[in-house]
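Right, one structure below, let's go through it.
Naming: A, B, ... by sequence-line order, numbering from 1 per chain.
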Amino acid sequence: VSPAEDCSDGVDVAPLRTLEELECHCQPDYVQCFSGTATHSSIQAWRSPWGCRDSLPVLLVSWVSWIRAQRARLAVCVLPASSQGTLKLRADQQLVKKGKSKVGDMLEKAAELLMGCFRVCASDTRAGIEDSKKWGMLFLVNQLFKIYFKINKLHLCKPLIRAIDSSNLKDDYSTAQRVTYRYYVGRKAMFDSDFKQAEEYLSFAFEHCHRSSQKNKRMVLIYLLPVKMLLGHMPTVELLRKYHLMQFAEVTRAVSEGNLLLLNEALAAHETFFIRCGIFLILEKLKIITYRNLFKKVNSLSSASSRYLLLKTHQLSLDAFLVALKFMQVEDVDIAEVQCILANLIYMGHIKGYISHQHQKLVVSKQNPFPPLSTVC
Amino acid sequence: MAANVGDQRSTDWSSQYSMVAGAGRENGMETPMHENPEWEKARQALASISKAGAAGSSAKASSNGPVASAQYVSQAEASALQQQQYYQWYQQYNYAYPYSYYYPVSVYQSYGSPSQYSMASSYGSAAPQHQGPLSQPPVPGMDEGMPYQAPPQQLPAAQPPQPANPPHGAHPLSSGPQPGTAPATQHSQAGPASGQAYAQHTYSEPAKPKKGQQLWNRMKPAPGTGGLKFNIQKRPFPVTNQNFSSTTEGQHSSFGPQPNPEKAQNHRGNLSGKPDDWPQDMKEYVERCFTACESEEDKDRTEKLLKEVLQARLQDGSAYTIDWSREPLPGLTREPVAESPKKKRWEAPSTLHPPRGAASATRGGGAQSQRGTPGAGGAGRARGSSFAKFGNRNVFMKDHSSSSSTDSRSRSSSRSPTRHFRRSDSHSDSESSCSGNECHPVGRRNPPPKGRGGRGAHMDQGRGRAQRGKRHDLAPTKRSRKKLAALECEEPERELKKQKRAARFQHGHSRRLRLEPLVLQVGSLEGGTADPDWQELQIVGTCLDVTKHYLRLTCAPDPSTVRPVPVLKKSLCMVKSHWKEKQDYAFACEQMKSIRQDLTVQGVRTEFTVEVYETHARIALEKGDHEEFNQCQTQLKSLYAENLPGNVGEFTAYRILYYIFTKNSGDITTELAYLTRELKADPCVAHALALRAAWALGNYHRFFRLYAHAPCMSGYLVDKFADRERKAALKAMIKTYVKLRSAPALRPSAPASGPAQAAATMSPPPPVRSALVWTRPLCTAVPCPPASLCSRQPAPPASTPCPGPLPPRPPTSPALMRLSAPVGQPSEPSLPSAPVASGTGPRALVRAQMSVGTSVTGKRGLTAPKEGALCPG
């Protein structure tokens, strides 16, 4: 009863559809779906005393203990329920927010409980591979990711990633689960500034996300776009339009044009959106790319003119950059800051060359002074 | 002396209790116990017993007759009779009646007072006690009981436990200012009083066993659930009956362990309060509980649990404050309560400990034997257990190490001492005079509910007394001393500070809440533990010290060591000035921490709190103590979130800067999300944001420029990571400016633009120096420009000896190539061309720099100046 046959359901929704639905009962508010593997009618044995409205943590606790007690290959069946619980927890959290207690409290509790589930699943070494609880691992990990991202504790993801990476089932989980997993791991890599890996994971998520899950694809794109842009791949307007991500349009244009001014405006205009998505700081890094593009323009201009004047084309006056920056309305720029920016670009490999301080010149390589972005990062 | 007193008291109590028991019986008789269908089952199960009990009750009068009847007939007489009776019983059982001499006649007289019955009602009217402790020499318990004794009087009893507080106020120690203490004392007081009472009972026990049994039996029909029933029934009488019944049961249980299991004096001093008094919510809750029961067992269990819980709640008064509608049903808790000790941490003393349960079981067994009905036995057991538990508790409180009944006491004992002490304190102050009577703990509050303790005491009669005596001796221990000290402090100043105090206590309602909470009863369930209402646990301090050592609290705070806000304000001023003068961080930090602690303990969240935290944050910042700083920041964040005025901008800026320090981009994002426009306009925040932007882009120029002009104390924070950023900047600069010399990356094919000379002519790159302008603010020695940079200085002629080995280089060496490049146009300063190869460029340079001692020579290099790059110079 491997859940592997699951069609890819997208990032956020991962019910184990192929599993037989055993129970759809309980408090509709809390858990709508309680499905399990076909062979385990024991699930039905577990009827929570939910007559009274326990708080969700209590419910989850009982879940966990119940799973543990069953020892059977139940992992998978409880998962959907707990996912529901998680979602509800989030709702609860909204309430909490209005009240007095701290925002992350409920979520942290939920995470603890899920973690308990996860341990149970991960330590299930006795069951055969077909019905091992390990099939539930990835789901739980994804749920945990969801919470950790919500409460901003990304560092807690690391052991989970390691656990999954070392799992031999890694590639056999359902596509839906894998997509979700990669989505989160990709995001994490992005926040860790590991853009190469982020691109890889997010691209996987985007490509394997079910085509009908436009919303999920959009979510992936939100993070994939900045990463791609940082790596020098600018999205087309069509793509942005398709996924209703036109907030990126201006940004994209500004970056590719090296239009610092426009970039600043675009970022400011959609700041709320970007901050909410958590990508504002990533997009900010595009400024570096924009500097690079801007300076590339300066270079081509000055080299053109210098060629015209039969001057050396690989030496560029720093003043030219200063003028360019001022043109972009960067506040109180001076030559020292120009040098600073150039130094960073050179340091990062965006420009091949060096600065001659004495001559106040940037000396660039004659070949390919501005290597393609994709080769740099 | 203390011991004696205690004994005396105990005797008094015993008499009282016996009285009570009798009353209970009567009441029980009178009241139709069960109206609720729920009870039916229980009733049926106990029917046989009940009948017997009823008969017994009446009969019991005969059997116990001496005692009970005497009591009822004339209280005054009863006392005497009781004594005799007890004595007799003792003799019967071969019990040593060591304490007989303790019994003061007066005590018995006290019995005459109507208050005898009152014992049962823990909450009873505390007020009466205080009002006339002396007037009514009789035991405090009696005072409490007063209301209960006479049905009409019960109404007063109906008053919630809180009313009891006023008496406190009357008492010097318990005086309003110490509301905080009050809560703690409540338990202790109640506990001890009852405990004593019971202990004394023990004497009578031997004789009374039958009576006790009878009572008990009767009670059963009533529903061992007594408490519950009573809840449902709102009559005052029934309530009392129940209480009594429960008490009697408890006694039974207590007796179980003892040699004479049978003697059950059923006077339970501690009736947890009359059902009438009970909040409606609670009654409903009880009803719910029973409705949920499916089987007899369930009911029994529920009953038992409920009793415990309710008693505890009533005793500590939380019954009136908690939301019963949210209280989990006992069924859920069942197992946890019985089995998991850990939950008890905060439990009200009343919660049962497993061990007690065992003890109770034994008692129950005893009861059973008497009753003869098995079904009843079960119920009895349950009750017994609960009572036993209570008893234990009380015992502990009294310090009786009642070994006989239960093992579980250890826990309770730990707590009890403090309570006990408190009581004793109160006693010592006001009531030492009352010799025979139980002047006892009454002082502050109604000793009310602690009937339980009494039961426990029972079990340990002899020992208990001895210990009790000890306790008394010890009584003036820490707490008492503290209190005394506090009192002393206050008294001289009292008049002067009346106003202050008044101000302190203006929040009367809050005070009340505080009183009860000390119990720390999260009690019943997980749900409870999840969110103890800390609001209610707050206290108001009475300490007047300006300075105070910081000690992390490991227990409930003692108001006598907690400073009220006005004092804290002084404290803060003192710390500030001290800091300004002496810059003694250790001192300042400790004082600030203790101020913070006092604020926290008292739940003070005002502007002043903000000021304290801000001050501490600044001091910590200045000293680079970021643990403290972070703690303060966390608190400040939530304080600001409550819209308390403060320097929001400043500390938001610090927070942003701190996130930069931790490189926590996630938190920065969150922080950014919450920045309002106004906040962004704040100079500090704006600066922090600009700094952040500069930092994010590696714009060290801007970064250090901002650093140089950091507002407020931002600079201290930037200090933390300025070095880090400086290093990063230097790294970039090294890579960027270094080119000149040894770029090995140059491919042979790449024409070197500049002749070596040109290179040599390049002025020493001040670049680094100039670049390091940004580092100035640091005042730290600017790290010497990397060797590579220095190397840019005009190289000495080739002839200059190079320190390092000069391996001949093939002409193809990049450097050579560069050097060999055709001399450029003299007019234009020729610069070495940038590396062509993308991959090799900068890094290679760095590497080259790293390799010390390599020198670049070329064919023409001989004439060419040697690249200084590699020369150490």
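Using a 4.0 Å cut-off between charged nitrogen and carboxylate oxygen, B:R705 and A:D334 count as a salt-bridge pair.
Across all non-hydrogen atoms, the minimal contact from A:N344 to B:N699 is ND2-N, 4.0 Å. When all heavy atoms are compared, the tightest approach of A:Q339 to B:Y700 is O-OH, 4.3 Å. Between A:I275 and B:L672, the closest heavy-atom pair is CD1-CB, 3.7 Å. Heavy atoms only, all atoms of each residue included: B:T736 and A:A343 are closest at OG1-O, 3.1 Å.
Put simply, the side chain of B:K735 does not reach to within 4.5 Å of the side chain of A:M348, judged on heavy atoms.
Neither the backbone nor the side chain of B:K663 comes within contact range of chain A, judged by heavy atoms closer than 4.5 Å. Both the backbone and the side chain of B:A693 come within contact range of chain A, judged by heavy atoms closer than 4.5 Å.
B:S665 OG to A:K285 NZ: the interatomic distance, rounded to the nearest 0.5 Å, is 7.5 Å. Atom SG of A:C340 sits about 11.5 Å away from atom CZ of B:F703, to the nearest 0.5 Å. Here OH of A:Y347 is found 9.0 Å from CD1 of B:I734. Values are rounded to the nearest 0.5 Å.
Chain A forms more heavy-atom pairs under 4.5 Å with one residue of B:N664, B:T670, B:D667 than with any other, namely B:D667. Between chain B and the options A:D332, A:I288, A:I341, A:T272, heavy-atom pairs under 4.5 Å are most frequent for A:D332.
Residues satisfying the salt bridge (Lys or Arg N to Asp or Glu O under 4.0 Å) test with B:K680, not counting sequence neighbours, are A:E271.
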For this session: Decide side chain to side chain contact (heavy atoms under 4.5 Å, CB included) for B:R702 and A:V330; before the verdict, give the C-alpha distance in whole Å, the side-chain angles of both, and the deciding distance to 0.1 Å.
Result: CA-CA 12 Å; B:R702 206 165 270 258; A:V330 180; 3.9 Å; yes

